[in-house]
Amino acid sequence: MSIVTRFAPSPTGFLHIGGARTALFNWLLARHHGGKFLLRIEDTDRERSTQEAVDAILDGLKWLEINWDGEPVFQFSRTRHHVELAESLVKEGKAYYCYCTAEELEAMRNEARSKGLSPKYNGMWRDRDHGDAPACVNPVIRLKAPLDGDTTLCDIVQGKITVSNKELDDMVLVRSDGTPTFMLSVVVDDHDMGITHVIRGDDHLTNTFRHIQIFNAFGWNIPQYGHIPLIHGPDGAKLSKRHGALGIDAYRDRGYLPEAVCNCLLRLGWSHGDDEIISREQALEWFTTENLGKSASRLDFSKLDNLNGHYMRIADNSRLLKNLIELIGENISEEKRLRLLRGMSGLKQRAKTMLELRDLATIYTNDFVPEKVNSETQNILETTLARLKSIEDWTEENLEKQLREFSSEKNISFGKIAQSLRNVLTGRKITPSIFDMLISFGKNESLSRINAVLV
RNA sequence: GUCCCCUUCGUCUAGUGGUCUAGGACGUCGCCCUCUCACGGCGAUAACAGGGAUUCGAAUUCCCUAGGGGACGCCA
């Protein structure tokens, strides 16, 4: 049997880090087994669903290079089908109309709570005759859930979990306005889409028992479920906007590379021995549900920084340049682009994020302003300039050779020469190596910058 | 309140009864490399929530306690 997984976000907000990880895991599971990964937009809540959120989710997935098969399924478009199936359940006696008002339901819950039970529907219309129906109340359709026995979930991650059916009530399948609920829609769509495996957040665990009851009512096969623990904020509490519950776009804006974000997410709740840096190819090869963890984790930004630094270092220079120019958002002259490209290797190993890279890169993009130097530095620069002028073979290797020779000939410490050059070329004390910069600026620009200080 | 789940260094985790005086990674600290800063290298720091039980032997199995989380909607 071929594996079909899905990611089914509701477009009521951005794609956050937890959702991205869920998508990643489902994607990896499907791709690892050569199966399909589908996308379903759960937009049945018309009040809160927005097109912006749909776009944000799609963009986020694309940025992470989590590609789905076929077109996304929009759940709302399947409303009629969902309702018809619910009605067929009523005909079969597996569901029923309930005419309870909001006040009655509230009273039921309060009563249950006061008895120390979990608040739930008491089944008052379960076996009641249609004729009793109040004329002015539009009914909902409820599932006739089993009253006795228990429902068991064999979870891929959490193991076997059994819940007494007494804990579950007759859930609403179709609302009084005639629209299907999440409970119904998820089950029908998962069935129709041929979903075989569902990896989702732990917060859905208790829903799953309800889903199983609906599957059973229809007599359909139940997919394999894997409930992964939630990601917590740095303080261990539920992830909220206060901590890392940012949209995935915020990670891009903060200068993270998608492969670093994926690697980081992958290690949150999944492991492969002692491996930390895991490429996409390796992840695809190694990912199985056996290695999913059972306990909640927190997003560690210093680890993300570290991973990002790694992926920056191994990233292709021209790709980084392209990203950098987008980030700067201004026109960069051809000359400066060339400088940046030549200097990229030296810059990228000093940056943990694209934002840091952008700051470092200003040494090559800022306009040159000559700074005053003291007479000692001036003397050093004067003689150094003469020497540099004479160098025809302007390569890193040769520059190093020549300048080191020069240093011992003149009996000037190499550190002094280097710091003087660094300062005059960039106006800064912290930069990439001077050879790196001499090459990046090129001979002409380098000499003219030194000259500008001497005049 | 009820039900369910979780608990190894500060953080992410390895570990599925002996190979664990518990391994790796990030962070932190120190040293080395060195033209500054990084990178890199070496080293240090630091954990099995607590208590019982099973066993010759338990981080690993079972029970209890504590702590944390999740769910209890005509939201998804």
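Keep in mind the model is a prediction, meaning the values are calculated, not measured. The chains referred to below are lettered A, B, ... by the order of the sequence lines, with proteins before strands, and numbering in each begins at 1.
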Notebook entry, point to check: Taking atom P of B:C5 as reference, at what distance in whole Å does atom CZ of A:R200 sit?
Noted result: 17 Å
Item checked: Interatomic distance at C1', B:C9 relative to B:C5, whole Å -> 24 Å
Next item on the list: Indicate whether OP1 or OP2 belonging to B:U13 is found under 4.0 Å from a side-chain N or O atom of A:K303.
Entry: no
Item checked: Whole-angstrom distance between B:C62 and B:U21, as gauged at atom C1' -> 27 Å
Check: Contact class for A:L268 (heavy atom, under 4.0 Å): base, sugar-phosphate, or nothing?
Finding: sugar-phosphate
Notebook entry, point to check: Just how far, in rounded Å, is C1' of B:U2 from CG of A:N165?
Noted result: 16 Å
Note to self: Can you measure A:I278 atom CD1 to B:C12 atom P for me and round it to whole angstrom units?
What the structure shows: 16 Å
Note to self: How many whole angstroms separate atom CD of A:E103 from atom C1' of B:C74?
What the structure shows: 13 Å
Check: Using a distance-only test with no angle check, is there a side-chain donor-acceptor pair under 3.5 angstrom linking A:S302 and A:D305?
Finding: no
Item checked: Test of ring centre spacing under 6.0 Å for A:F441 and A:Y364 -> yes
Check: Looking just at side-chain N and O atoms, do A:D189 and A:H82 make a donor-acceptor pair shorter than 3.5 Å?
Finding: yes
Margin query: Quiz question: by atom type and distance under 3.5 Å, do the side chains of A:Q419 and A:R422 form a donor-acceptor pair?
Written below: yes
Notebook entry, point to check: Contact class for A:P432 (heavy atom, under 4.0 Å): base, sugar-phosphate, or nothing?
Noted result: base
Next item on the list: Kindly say if A:S297 contacts the phosphate of B:U13, meaning a side-chain N or O under 4.0 Å from OP1 or OP2.
Entry: yes
Next item on the list: Check whether the side chain of A:D202 and the base of B:G70 form a donor-acceptor pair under 3.5 Å.
Entry: no
Notebook entry, point to check: When the aromatic ring centroids of A:Y311 and A:Y256 are compared, is their separation below 6.0 Å?
Noted result: no
Note to self: Heavy atoms only, 4.0 Å cut-off, all strands: where does A:P119 land among base, sugar-phosphate and nothing?
What the structure shows: base
Checklist line | Test applied, side chain to side chain donor-acceptor pair (under 3.5 Å); reference residue, A:N165; option that passes from A:T151, A:D148, A:D150 | finding: A:T151
Next item on the list: Step through it carefully: locate the ring centre of A:F7, locate the ring centre of A:W68, and say whether they are under 6.0 Å apart.
Entry: no
Notebook entry, point to check: Mapping A:T179 and A:E167 onto RNA chain B by nearest heavy atom, which one lands closer to the 5' end?
Noted result: A:E167
Note to self: Classify A:F435 by what it touches in the nucleic acid, base, sugar-phosphate, or nothing, heavy-atom distance under 4.0 Å.
What the structure shows: base
Next item on the list: Would you mind classifying the nucleic acid contact of A:S271 as base, sugar-phosphate or nothing, using non-hydrogen atoms under 4.0 angstrom?
Entry: sugar-phosphate
Margin query: Once you apply a heavy-atom cut-off of 4.0 Å, does A:T431 come out as touching a base, just sugar-phosphate, or nothing?
Written below: base
Notebook entry, point to check: With sugar-phosphate meaning primed atoms plus P, OP1 and OP2, does A:M183 contact a base, only sugar-phosphate, or nothing at under 4.0 Å between heavy atoms?
Noted result: base
Next item on the list: Using whole Å, report how far NE2 of A:H16 lies from C1' of B:A76.
Entry: 11 Å
Margin query: Using a heavy-atom cut-off of 4.0 Å across all strands, would you classify A:G269 as base, sugar-phosphate, or nothing?
Written below: sugar-phosphate
Note to self: With a 3.5 Å cut-off and heavy atoms only, can you find an N or O donor on one side and an acceptor on the other between the side chain of A:S295 and the base of B:C6?
What the structure shows: no
Note to self: When the C1' atoms of B:G27 and B:U45 are compared, how many Å lie between them, rounded to an integer?
What the structure shows: 11 Å
Notebook entry, point to check: Checking all strands, does A:V140 fall into the base, sugar-phosphate, or nothing category for heavy-atom contacts under 4.0 angstrom?
Noted result: base
Next item on the list: Could you check A:I161 against A:L292 and say which one's nearest nucleotide on RNA chain B is further toward the 5' end?
Entry: A:I161
Margin query: Centre-to-centre under 6.0 Å for A:F182 and A:H211, is that the case here?
Written below: yes
Next item on the list: State whether the distance check finds a donor on one side and an acceptor on the other, under 3.5 Å, for side chain A:K294 versus base B:C6.
Entry: no
Next item on the list: Can you tell me, in whole Å, how much space there is between the P of B:A49 and that of B:U60?
Entry: 8 Å
Notebook entry, point to check: With a 4.0 Å cut-off on heavy atoms, is A:R210 in touch with a base, just the backbone sugar-phosphate, or nothing at all?
Noted result: nothing
Margin query: Once hydrogens and angles are ignored, does a donor-acceptor distance under 3.5 Å link the base of B:A38 to the side chain of A:Q349?
Written below: yes
Next item on the list: Under 4.0 Å between any heavy atoms, over every strand shown, what does A:R109 touch: base, sugar-phosphate, or nothing? Just pick one.
Entry: sugar-phosphate
Notebook entry, point to check: So, is A:T44 near the phosphate of B:A76, with a side-chain N or O under 4.0 Å from OP1 or OP2?
Noted result: yes
Next item on the list: Write down the distance separating the P atoms in B:A46 and B:G23, rounded off to the nearest Å.
Entry: 12 Å
Notebook entry, point to check: So does A:R350 reach the base of B:C37 with its side chain, donor to acceptor, closer than 3.5 Å?
Noted result: yes
Note to self: Does A:I277 reach a base, just sugar-phosphate, or nothing at all? Heavy atoms under 4.0 Å.
What the structure shows: nothing
Check: Just checking A:K166: base, sugar-phosphate only, or nothing, at a heavy-atom cut-off of under 4.0 Å?
Finding: nothing
Next item on the list: Mark yes or no for a side-chain to base donor-acceptor pair under 3.5 Å between A:N207 and B:A76, with no hydrogen or angle criteria applied.
Entry: yes
Next item on the list: Using a heavy-atom cut-off of under 4.0 Å over every strand shown, decide if A:C100 touches base, sugar-phosphate, or nothing.
Entry: base
